[in-house]
Amino acid sequence: TLPCLPGARPCSPKDFGHGSVVCVCNATYCDTLDPLVLPGPGSYVKYESSKAGKRLERSEGRFQSSLRTPGVLLTINISTLYQHVKGFGGSLSDSAAMNILKLSQPAQDNLLRSYFSESGIEYNLVRVPMACSDFSVRPYSYDEFPDDYELKHFSLADEDVKMKV
């Protein structure tokens, strides 16, 4: 592992020839983050990655009560709330499961820790597609019989049982 830029997170870089690198997660290393510390009132925390080599670089700042310099103006009305965020996560599609299962057990452990642990990005939700999706290797459903409203022929596919459940 090596830092890509000063202040950036460590990275085991791999170049696929498209003008940027990705950080490799394997049996001995996977990205981590320091535990999240919420900023004080009027402040924010920003994590930034870039093609130039920044990797989850953390910086802090303060919101301004008025615009002092030209740029983007973001107005936040903290007295009006529209929704509650339950969490953050990703999708466990057939192709994601197939790729995860191809990894060695230590690499799988590192990858899952990178996503779900306090030293990772702390995902707390996972979406699992119902039956196949555009990330499946074949089309399938849970009941291939038309008009089976009582679901007498319902069954999970091998992909669901072996890779996702």
Side-chain angles (χ1 to χ4, degrees), residues 1 4 7-12 20-27 29-51 54-65 67 71-143 149-151 154-165:
T1 64
C4 297
R9 298 298 297 180
C11 175
S12 178
S20 63
V21 298
V22 297
C23 294
V24 175
C25 179
N26 57 34
Y29 174 80
C30 210
D31 286 347
T32 60
L33 289 174
D34 295 328
L36 179 64
V37 177
L38 294 177
S43 300
Y44 64 87
V45 174
K46 173 179 75 172
Y47 289 91
E48 185 177 2
S49 296
S50 71
K51 282 186 175 183
K54 287 185 181 181
R55 182 67 185 156
L56 300 171
E57 184 178 298
R58 185 181 194 273
S59 63
E60 296 182 27
R62 295 200 49 81
F63 291 107
Q64 298 175 6
S65 58
L67 188 61
V72 176
L73 174 63
L74 174 64
T75 304
I76 300 173
N77 180 350
I78 61 173
S79 66
T80 305
L81 303 177
Y82 292 98
Q83 64 188 30
H84 175 76
V85 176
K86 292 186 178 192
F88 293 91
S91 177
L92 183 59
S93 62
D94 291 2
S95 61
M98 287 170 31
N99 284 306
I100 292 169
L101 292 172
K102 286 181 182 178
L103 299 172
S104 67
Q105 190 61 52
Q108 287 180 33
D109 293 343
N110 263 341
L111 178 68
L112 294 175
R113 222 178 349 268
S114 178
Y115 279 116
F116 296 101
S117 77
E118 289 183 3
S119 64
I121 56 177
E122 297 189 64
Y123 274 7
N124 61 350
L125 297 173
V126 174
R127 181 178 60 81
V128 179
M130 296 287 295
C132 75
S133 72
D134 52 345
F135 294 104
S136 299
V137 296
R138 68 181 184 92
Y140 63 91
S141 75
Y142 294 142
D143 192 338
Y149 300 114
E150 295 178 13
L151 299 176
F154 176 92
S155 65
L156 294 176
D158 284 345
E159 288 86 346
D160 296 302
V161 176
K162 293 177 182 174
M163 298 188 302
K164 295 185 278 188
V165 175

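Quick caveat: nothing in here was measured; it's all calculated off a predicted structure.
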In this structure, CG of Asn110 is separated from CG of Leu103 (nearest 0.5 Å) by 10.0 Å

Taken to the nearest 0.5 Å, the spacing of Ser43 OG from Glu60 CD works out to 7.0 Å

Smallest heavy-atom separation, Pro41 atom then Arg62 atom, equals O-NH1, 3.6 Å

Closest heavy-atom pair, Val45 versus Arg58, reported as atoms and distance to 0.1 Å, is CG2-NH2, 3.5 Å

Between Pro129 and Leu92, the two heavy atoms sitting closest are CD-O, 3.4 Å

> Taking Asn124 for the side chain and Phe88 for the main chain, is one N or O donor matched with an acceptor at less than 3.5 Å?
Replying inline: yes

Shortest non-hydrogen pair, Asp94 vs Ser136, comes out as OD2-OG, 2.8 Å

Distance col, row Tyr140:OH vs Ser155:OG, nearest 0.5 angstrom, shows 11.5 Å

Review point. Is a side-chain donor or acceptor of Glu57 paired with a backbone partner of Glu48 at a separation under 3.5 angstrom?
Key: no

What one should report as the nearest heavy-atom pair of Gly90 and Tyr123 is N-CE2, 3.5 Å

Which of parallel (below 30°), tilted (30 to 60°) and perpendicular (above 60°) describes Tyr44 and Phe63?
-> tilted

**Asked** Is a donor on one side and an acceptor on the other found under 3.5 Å between the side chain of Tyr142 and the backbone of Ala131?
**Response** yes

| Heavy atoms of other groups near Tyr115 OH, more than 12 under 6.0 Å | no

### Task
Side-chain contact test, heavy atoms from C-beta onward, threshold under 4.5 Å: evaluate it for Tyr47 versus Ile121 and give yes or no.
no

Test side-chain hydrogen bond (donor to acceptor under 3.5 Å, both in side chains) on Ser91 and Ser93; report intermediate values, then the result.
CA-CA 6 Å; Ser91 177; Ser93 62; 5.1 Å; no

Please check if atom CD in Gln105 has more than 12 non-hydrogen atoms from other residues, nucleotides or ligands closer than 6.0 Å. yes

Subject >> Any Val137 side-chain heavy atom under 4.5 Å of Met98 side chain >> reply: yes

*Determine whether Met163 and Asp158 make a side-chain contact, defined as any pair of heavy atoms from C-beta on separated by less than 4.5 Å.*
no

On a heavy-atom basis, the closest approach of Lys164 and Ala97 is CG-CB, 4.4 Å

Rounded to the nearest 0.5 angstrom, the CD-SG distance for Gln108 and Cys30 is 12.0 Å

Exercise for the section: Check for a donor-acceptor pair, side chain of Asn26 on one end and backbone N or O of Ala107 on the other, with a separation under 3.5 Å. Expected result: no

